[in-house]
2 protein chains.
Amino acid sequence: MATIKDVAKLAEVSTATVSRVLNENGYVHEETKNRVAKAIKQLNYKPNDVARSLFKGRSKMIALFIPDIMNPFFPELARAVEDMTKNHDFTFILCNTDDDIEKETAYIDALQQKSVDGLIIVSSTLTPEQLHHIQIPVVALDRKLNNGIASVTVNNREGSRQAVQYLKSLGCKKIAHVAGPEHVDNANERRRGYLDEVQNEDWFRLSLVEHGEYHYDAAKQATINLLKRHPDIDGLFVGNDLMAVGALKAAESLGINVPSDLSMIAFDGITLGETTSPSLTTMAQPIYQIGAKAAEMLIKQIEEEDTLTQSEEFSVQLIKRESTRRDEA
Amino acid sequence: MATIKDVAKLAEVSTATVSRVLNENGYVHEETKNRVAKAIKQLNYKPNDVARSLFKGRSKMIALFIPDIMNPFFPELARAVEDMTKNHDFTFILCNTDDDIEKETAYIDALQQKSVDGLIIVSSTLTPEQLHHIQIPVVALDRKLNNGIASVTVNNREGSRQAVQYLKSLGCKKIAHVAGPEHVDNANERRRGYLDEVQNEDWFRLSLVEHGEYHYDAAKQATINLLKRHPDIDGLFVGNDLMAVGALKAAESLGINVPSDLSMIAFDGITLGETTSPSLTTMAQPIYQIGAKAAEMLIKQIEEEDTLTQSEEFSVQLIKRESTRRDEA
DNA sequence: CTGAAAGCGCTAACAA
DNA sequence: TTGTTAGCGCTTTCAG
């Protein structure tokens, strides 16, 4: 690996001059600039980013924390963040945390030791105390973080209301809910949205809610419980698409036809939802946009050292597919 | 951020001594060691990895190149690699390349400038020339890389033969194949395995093979073409699970029942295959093991500077599920 | 057993 | 317009 010294020697200038043409700052004579450029090309010189980072205290790296790389929602999100970071010449680091606070803390330390410039975090477990240890810009994504930390989320509660309303508009008379984990704020918001719409119905019982942990297996089991307990359920709002795949399987295993016996609507709008049979009606998040927005906000914080804590909330959108009865419209 | 100097000052020793206790090398008196340890704790000192990297020329980082983060096979693989790298105190960097040679080259440069210690690469596009630019250890995963580069793969051809044999054993009389992209070696191996088994059958035609690009949409379309062209197909070997989801959808759209009209077997063994209706019979790769093995091999190369080019080939295993007729056994 | 000092490769004052 | 130099934080000879 050629160093800046080699280039300087070959071009017969000082390393400072090479640095100047590299970074396009300071004055440098056109002619010498050419000489340096030629030397760089000739040696195929690439600046050492580590040395640069050491000096600057910054690394041009950004990390994204996700709780579960196996839930397709997060790869889609990661994709968006990665694209955006690349556009701004940052290197992207993906960290899978399993929502495990120890893994999160370990990552936070390791990354800060590497002078990573900023963090985009999807987490429900990080405590204010842990967050206090973070000395670099942070943006919360998908789930809010307690403190005054910038965040990008969607209108989970309102979106869920709309989901249930749609089920009602289809004529559903008894609507159940498979909820996400209780420690995840967006899961609670979605549950609350469901409750907003149903708690005053005379058919409503608390036993119409089961928790499915945002996992396929748990959701399948939860749905089976629900459908056995209340065989007359004709509408189901599932907390996310991944769980809905399990719910679909559950209904099938009980001989319940979706959508003719049971209309099902979910949340997220991941690609997977188009591929199931029946395909999933869902409240779609603008996944790519929220990921991109979070990256943008973070980069702005990094580059402008502008710590104003803005928060963005996007809207979800109903996508009608095959898991719900046709509406009359 | 406290530096080693701060620690040295507080402990009333030189930075060299602090470094010694940090790295547990060289002799250092028990008593001074304690003094230093106390100072470290007191200041909550964490060594700066960038400075360390600059000195050592290594960063304790490993990158994984994958072509498509949206194909669930790769997150599963990434998960394995990540776990293993973490066990060895490396930081994991995931790079999504879209099988785009320019993105790959850009990543290779960027990562080497950051003194990344090694690369695990899933790629079908990297040329020997590009590979020549890589100055650090590399392990090829899932797909071989032309040169004498270590690799971890599975027995694609033999596994595919077994898949087709299984279809035959079920009584299938006309077996088609939805193949992966032509530029991907494992897709070709799988196609070859299929051909090994069918090319001497009197019913065989080349038109029983369609390409599905390892994508849901393309595979769905390919399957529709196939089934329209040859309505008497009663067995289908699909190049991977993701495509099989599309194939399932295609069959459904034509009113063809799987498995009673058509037995379908796929390849990969991703979790998604358990969740479809019907669930997928498939030749399962030991995904976690191959990812872990690749990481292990890479780390060994890095730490022992042991460039011997070994290659590992794992075996796939038939998992019988619902997309194939019950066998008599 | 411990410290002084050089140097990893680069950038940014400060001089010239 | 260019060069000299100090220093980012750490590790490692080399002396002592």
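Every value quoted in this text rests on a predicted model; they were computed, and no experiment measured them. Side chains are part of it too, since the values below use all heavy atoms of this structure and drop only hydrogens, waters and symmetry mates.
- Proximity of A/Tyr27 to the phosphate of D/dG3: no side-chain N or O atom is located under 4.0 Å from OP1 or OP2.
- Where A/Arg20 and A/Thr3 each meet DNA chain C at their nearest nucleotide, the meeting point lying more 5' is that of A/Thr3.
- Using a 4.0 Å heavy-atom distance criterion, B/Val18 is classed as making no nucleic acid contact.
- Of the candidate nucleotides D/dT12, D/dG9, C/dA12, D/dT12 has the atom nearest to the side chain of B/Ser19.
- Regarding contacts with the backbone of C/dA12, every side-chain N or O of A/Asn23 stays at 4.0 angstrom or more from both OP1 and OP2.
- If you take CD1 on B/Ile69 and SG on B/Cys95, they are separated by 10.5 Å, rounding to the nearest 0.5 Å.
- The rotation axes computed at either terminus of the helix from C/dC1-D/dG16 to C/dA16-D/dT1 lie 50° apart, taking five pairs at each end and rounding to 10 degrees.
- Distance from the side chain of A/Phe55 is smallest for D/dG7 among the nucleotides D/dT2, C/dT2, D/dG7.
- With hydrogens and angles left out, the side-chain atoms of B/Ser123 and B/Glu104 include a donor and acceptor closer than 3.5 Å.
- When the nucleotides C/dA5, C/dA4, D/dT4 are ranked by their closest atom to the side chain of A/Ala16, D/dT4 comes out on top.
- B/Asp68 and B/Asn96 are not linked by any side-chain donor-acceptor pair at a separation below 3.5 angstrom, with hydrogens and angles left out of the test.
- Backbone-only engagement by A/Thr32 is indicated by non-hydrogen atom pairs under 4.0 Å involving sugar-phosphate atoms exclusively.
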